[in-house]
Amino acid sequence: MSLLEVNNLEVIFALRHGDLVALNDVSFTLDKRERLGVVGESGAGKSVTGFAVINLISKPGRISKGTILFDGKRLDRLSEREMRHIRGNRIAMIFQDPMMTLNPVLTIGTQMVETLRAHRKISKKDAAKIAIAKLELVHIPSPERRLAQYPHEFSGGMRQRIVIAIALLTDPAIIIADEPTTALDVTIQAEIMDLLLELCNTQDMGLMLITHDLGVVAEVTERVMVMYAGKVIEVAKTSDLVASPMHPYTKGLINALPGHGECDEENRLQQIPGSMPNLTEIAPGCSFHPRCEFCQDICTREVPELRSLAGMDERKVSCHFAGTEQMQ
Amino acid sequence: MSTPIVKIENLYKYFDISGGFLEKLQIRSGKISLHTTEVKAVNGVSLEVASGETLAVVGESGCGKSTLARTVMGLYPPTSGKVLYRGERIDTLSARQMLPYRQRMQMIFQDPYASLNPRKSVRSTLEEPLRFHRKKISSKEVDERLAEVMEQVGVNPAWRDRFPHEFSGGQRQRIAIARALVIDPEFIVADEPVSALDVSIQAQILNLMMDAQDERGLTYLFITHDLSVVRHVASRVAVMYLGTLCELSVTRELYETPRHPYTQALLSAIPRVDGKKQNHIKLPGEIPTPIDLPSGCVFHGRCIHADERCKRESPQLLKVSDSSGSLVACHGVAEGRL
């Protein structure tokens, strides 16, 4: 059994003019020590997926269908009180902007000790010891001294390291990282990616990496799921997905990358026409059909299932024509 | 080479951040003196942009690339140095004298949510530059011009009375590009024009900019931090670090044989989609503050090849070999150590 198992998850935001379906029939699993990437463009539902796992969907949103199983427990059924033993403890989360996640008026030490003491009965002294150990783990030089400093005394990359150290405090089984490198410069991004990889290998934890950047996913994760308009449209081993995407959207996404996709003789990038639909105006049938060059009659009527393809383990695609001759 | 369209000569731009008079007062060895604190954003940059090319300026946040762009546009007066437009000096001109140049150079900004006035319809956004620069233009001509430019950037001209909030991010950036194109400029400074956009939209906008360049013979000064975008659009690349140029090279040359240690680290840090694991070059330490610039080569504190000379003497931008025309500011490269 997988460590985390999400089945047929649906998240709805009740708006004045009707329900907005932010997640539609999302299922995935995450094994122990596995690194899963969640990719998609803005509005695809990647962050909502991460939030839903640790039950952080707040009103007017709610989980309306589906189950979330973690270590045999139904997370979607837990009370807020019970959830607090899981959230930030067994499953930790890292967000995009470290300046927003750290409290600017508390020292790093206070914030770390506070987090630990919220989850464990432990003296401040012992908590500080653990904090120092975790800061060492994320390669922050002279951590004893650093504990007394405030977030503004650190650079952006260092702050993100501290956020990661805080997430590690309780030795979580899973870390959900929501665009952890997006706000950082490339050289710092590379350092943080290396760090995440190293930690997954040494700290016995799983990683759910939410990002829009296929390059980051390709370097860090083992398996990846691609989302579009609230749905999972393709799941595969990362190396397979990058080498041979099956869904037309994934194909388009990879081909649109500068320096990766093939260009025509005028050096133009391959582009996907149009843009992601507003979640209140999703087309009937396959939600990608208005932008799809392979669109047939059936695509406008029937919603494709996320199905396995013959002869391909671990690969699932939700497209009527994936793997058939029409798509060649 | 013929006269470059834009020439930047030894440009410096400092920002005074010391605040009011009282905050500048400092007591040093028993005497009260005035002391100013300055952010040294751009430190002696010289560049030439040739007509019809796309020159990309890359670097990490805080390296001065946006300041450079804005100084070229005349949005900031330079602290010292010159900006020449087709051989004419433009950094000393008054606002009125600058007017004819403003028609020829335009700017596209990063965030189309911030750069379009939310209370102006597309029509009035696009009309304003036209009516401002061509006082005698008739309403009919304005309409024709608008329709033409909207068509070109791929926004339906029938939507001219809509407001920015009715458009998606990609469409807004198209409108921002239309605003720059509407008065037929020849030189466009694009400051991170695709950084705020999703990948599939990014490709559309890059293609649009390249199409516009072909049709109108535009010249771009393209500011970005995204090295894969640069590789695709630029003909030449200038790499900046802490307000100075460290390498200037033809795009292909730069990506195939980066010479400056910083360029090498920067290129190795790009995440690669093909999953071929490559070793990221780790730069020790952090970017120093531009208030207290390091002595000598600004990069020496983080460079594994730095020696005594690098700490004392700041390197000049020198030609590496006769064949390539690459310029590199590094003692190590000049001495043949690297």
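Per chain, numbering begins at 1; letters A, B, ... match sequence-line order.
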Could you work out, with salt bridge (charged side-chain N to carboxylate O under 4.0 Å, His left out) as the rule, every residue matching [X], not counting sequence neighbours?
| X | result |
| --- | --- |
| A:R291 | none |
| B:D214 | A:R268 |
| A:E179 | none |

Practice task
Could you tell me which residues in residues 194-207 of chain B have at least one non-hydrogen atom under 4.5 Å from a non-hydrogen atom of chain A, sorted by residue number?
Solution key: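 Against chain A, the residues of residues 194-207 of chain B that fall inside the cut-off (heavy atoms, under 4.5 Å) are B:D198, B:V199, B:S200, B:I201, B:Q202, B:A203, B:Q204, B:L206, B:N207.
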
Practice task
Starting at NE2 of B:H225, measure out to OG1 of A:T187 and round the result to the nearest 0.5 Å.
Solution key: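 Output value for this atom pair is 11.0 Å.
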
Which atoms of [X] approach chain B - backbone, side chain, both or neither, heavy atom under 4.5 Å:
| X | answer |
| --- | --- |
| A:S239 | neither |
| A:D213 | side chain |
| A:P273 | backbone |

Problem - Other residues, nucleotides, ligands: >12 heavy atoms within 6.0 Å of B:K40 NZ - result: yes

Exercise for the section: Check the surroundings of atom CZ in B:R216: do more than 12 heavy atoms from other residues, nucleotides or ligands lie under 6.0 Å from it? Expected result: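 Counting neighbours around CZ of B:R216, more than 12 heavy atoms of other residues, nucleotides or ligands fall under 6.0 Å, so yes.
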
Handout entry: Side chain / backbone / both / neither for B:S61 at chain A, heavy atoms under 4.5 Å
Key = both

Exercise for the section: Answer with side chain, backbone, both or neither: which region of B:L227 has an atom nearer than 4.5 Å to a non-hydrogen atom of chain A? Expected result: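 Contact with chain A is through the side chain of B:L227 alone.
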
Problem - B:H280 and A:D194: side chain donor to acceptor below 3.5 Å - result: yes

Fill in the blank from the handout: Highest number of heavy-atom pairs under 4.5 Å with chain B among A:E191, A:E41, A:M276 belongs to A:E41

Problem - Heavy-atom pair count under 4.5 Å with chain B, highest-scoring of A:V220, A:V186, A:N278, A:L214 - result: A:V186

Exercise for the section: Grab the two heavy atoms, one from A:M193 and one from B:P271, that are nearest each other, plus how far apart they are. Expected result: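 Heavy-atom minimum between the residues: CE-CB, 4.0 Å.
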
Handout entry: Flag, side chain of A:Q189 to backbone of B:A269, donor-acceptor distance under 3.5 Å
Key =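 Flag not set: sc A:Q189 to bb B:A269 has no pair under 3.5 Å.
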
